[in-house]
Amino acid sequence: NILYHGAMIQALQLAQALAVSHQRRDNYQSLQTVELSLTTEQAYVVQDELIALRCKAQASSVVGYKIGLTSAVMQAMCGIAAPVHGRILASGLVPEGASLDLAAYGRLGVECEIAVRIGRDVPQQTNTLEALAGYVDAICPALELIDDRNADYQCLDGPSLIADNAWNAGIVLGRWQPLPVDLIDRLGCLYSQGLQVDEARVGDALDHPLSSALWLVADLARQGRTLQSGMVVMTGSIVKTRFPAKGENWRYEVQGLGAVGLNFEP
């Protein structure tokens, strides 16, 4: 019991340090040191504490999850070979077409994803795409905002990224619509200032957005958690993270599913 409570105190201390680091907009640093070696399980406990602090500070609540590092291009970019998940807060829901001030972030990145909305509580034992599809209410093209705080991508590690809530800084959702049969073959295109800068298949993120969500179901089950009705799941970026500049506008369009966009103040 003493060891357990000691670990919990340490997790809270790490979460408080992370919260202060974000407030000061310090550059991102790994939590792994000679004195401290975080496991994945311990990192999620730190994330729990960080989210509790944010919910209290922002009078907010958890409305869903983001899954990161689901595509080969993103795993290569970050040097981490497995997905991770973080929490999405209600205070992080950004209206489509909004204008954001980049100065409010350390370094803001934009990721292009498919969001999934859960229609019914998902049992922990759900283990096939077909079964999971029965619990999905709708999907939409979506942007995830990440704040990497000028991280050195040569020095990333999974536990530190997990503890820092996988860098989630908000999401922007497009129009909700039914799940199409041919979703994985749809092209997603990212535009900046009206010019296309990247494209990829929706299926480039773990083969299918529901594959990402299914991975999350299993990952949450290990923590005794479930996906609940009404939650939003961000299923991972199909292209590498892009970092907008002041005065730019960005738009992500998926074939047949419409587009979602953001502006950035001059």
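Not measured: the values here are computed from a predicted model.
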Measure the OG-CG distance between Ser229 and Asp137 for me, rounded to the nearest 0.5 Å.
8.0 Å
So Val94 and Ile171, do their side chains get closer than 4.5 Å, heavy atoms only?
no
Judged by atom type as modelled, is there a donor-acceptor pair below 3.5 Å linking the side chain of Glu96 to the main-chain atoms of Gly261?
yes
What are the two closest non-hydrogen atoms of Ala43 and Pro159, and how far apart are they?
CB-O, 3.2 Å
Determine whether Asp147 and Arg107 satisfy the following criterion, salt bridge (charged side-chain N to carboxylate O under 4.0 Å, His left out), listing intermediate values before the conclusion.
CA-CA 5 Å; Asp147 189 352; Arg107 184 172 75 148; over 6 Å; no
Compare all side-chain heavy atoms of Leu183 with those of Pro209 and state whether any distance is below 4.5 angstrom.
yes
Would Thr241 and Glu111 count as having a side-chain donor-acceptor pair, cut-off 3.5 Å?
yes
Val233 reachable from Ile184 in the ILVMFWY side-chain graph, under 4.5 Å edges
no
Quick check: does any side chain N or O of Arg186 sit under 3.5 Å from a backbone N or O of Gln255, one acting as donor and the other as acceptor?
yes
Shared hydrophobic cluster for Leu89 and Val232 (ILVMFWY, side-chain gaps under 4.5 Å):
no
Run the side-chain contact (heavy atoms from CB on, under 4.5 Å) check on Leu143 and Val110 step by step: do they pass?
CA-CA 6 Å; Leu143 297 173; Val110 175; 3.7 Å; yes
Please check if the side chain of Lys66 supplies one atom and the backbone of Ala166 the other of a donor-acceptor pair under 3.5 Å.
yes
Would you say Arg251 and Tyr191 make side-chain contact, with heavy atoms under 4.5 Å?
yes
So does Ile114 get a backbone contact from the side chain of Thr235, meaning a donor-acceptor N/O pair under 3.5 Å?
yes
Do you know which two heavy atoms are closest between Gly174 and Cys140, and how far apart they sit?
N-SG, 3.6 Å
Between Asp101 and Lys246, is there a salt bridge with N-O shorter than 4.0 Å?
no
As a quick check of understanding, evaluate side-chain contact (heavy atoms from CB on, under 4.5 Å) for Gln42 and Thr39, giving each step before the final call.
CA-CA 5 Å; Gln42 291 168 336; Thr39 66; 3.2 Å; yes
How far apart are the C-alpha atoms of Ile88 and Val62, what are their side-chain angles, what is the distance that settles it, and do they pass the side-chain contact (heavy atoms from CB on, under 4.5 Å) test?
CA-CA 6 Å; Ile88 301 165; Val62 174; over 6 Å; no
From Glu199 atom CD to Glu253 atom CD, the distance as rounded to the nearest 0.5 Å
11.5 Å
With heavy-atom distances below 4.5 Å as the criterion, would you say the side chains of Leu100 and Leu262 are in contact?
yes
Measure the shortest side-chain to side-chain distance between Ser21 and Arg149 over non-hydrogen atoms and say whether it is less than 4.5 angstrom.
yes
Any non-hydrogen side-chain atom of Ile67 less than 4.5 Å from a side-chain atom of Val84?
no
Distance check, rounded to the nearest 0.5 Å: Leu156 atom CG versus Ser30 atom OG?
8.5 Å
Here the pair of heavy atoms bringing Glu113 nearest to Gly236 is OE1-N, 2.8 Å
Audit row: Tyr65, Met231, side-chain contact (heavy atoms from CB on, under 4.5 Å) steps and yes/no:
CA-CA 8 Å; Tyr65 292 87; Met231 281 187 165; 3.7 Å; yes
Look at the side-chain heavy atoms of Ile, Leu, Val, Met, Phe, Trp and Tyr, link any pair under 4.5 Å apart, and say whether Leu179 and Tyr135 land in one connected group.
yes
Only one of Ile162, Leu161, Leu38 clears side chain to side chain contact (heavy atoms under 4.5 Å, CB included) with Leu31; which?
Leu38
Minimum-distance pair of heavy atoms, taken over all atoms of Ala259 and Pro141
N-CG, 4.4 Å
Determine yes or no for a side-chain-to-main-chain donor-acceptor pair under 3.5 angstrom, with Gln193 supplying the side chain and Asn249 the backbone.
yes
I'd like to know if the side chain of Arg120 and the backbone of Gly230 have a donor-acceptor N/O pair within less than 3.5 Å.
no
Once you round to the nearest 0.5 Å, how far does CG of Asn165 lie from CD1 of Ile51?
3.5 Å
In this structure, CG of Leu102 is separated from CZ of Phe243 (nearest 0.5 Å) by 11.5 Å
Side chains of Leu129 and Leu214 in contact at under 4.5 Å (non-hydrogen atoms)
yes
Can you tell me if Gln177 uses its side chain to pair, donor with acceptor, with the backbone of Leu257 under 3.5 Å?
yes
Does a side-chain N-to-carboxylate-O contact under 4.0 Å join Asp48 and Arg225?
yes
Out of curiosity, does Leu227 fall in the hydrophobic cluster containing Val63 (side-chain heavy atoms, cut-off under 4.5 Å, transitive links)?
no
Spell out, as yes or no, whether a donor-acceptor pair under 3.5 Å connects the side chain of Ser91 to the backbone of Gln58.
no
Between His22 and Asp164, do the side chains contain an N or O donor and an N or O acceptor separated by less than 3.5 Å?
yes
On a heavy-atom basis, the closest approach of Val239 and Ala200 is CG1-CB, 3.7 Å
Least distance between heavy atoms, Tyr105 atom then Ala169 atom
CE2-CB, 4.2 Å
Has the side chain of Asp157 got a donor or acceptor atom that lies under 3.5 Å from a matching backbone atom of Ser160?
yes
Lys/Arg N to Asp/Glu carboxylate O, Asp198 vs Arg242, below 4.0 Å:
yes
Aromatic rings Tyr44 and His85: how do their planes relate, parallel, tilted or perpendicular, breaks at 30° and 60°?
parallel
Distance col, row Ile118:CD1 vs Gln228:CD, nearest 0.5 angstrom, shows 10.5 Å
Say whether, by atom type as modelled, one donor and one acceptor occur between the side chain of Arg54 and the main chain of Ala19 under 3.5 angstrom.
no
Looking at Trp176, does the NZ or CZ of Arg117 lie under 6.0 angstrom from its six-membered ring centre and within 45 degrees of the ring axis?
yes
Is any side-chain heavy atom of Leu190 less than 4.5 Å from a side-chain heavy atom of Trp250?
yes
Hydrophobic cluster identity match, Leu145 and Val254, side-chain contacts under 4.5 Å
yes
Can the ring centres of Trp167 and Tyr153 be said to be less than 6.0 Å apart?
yes
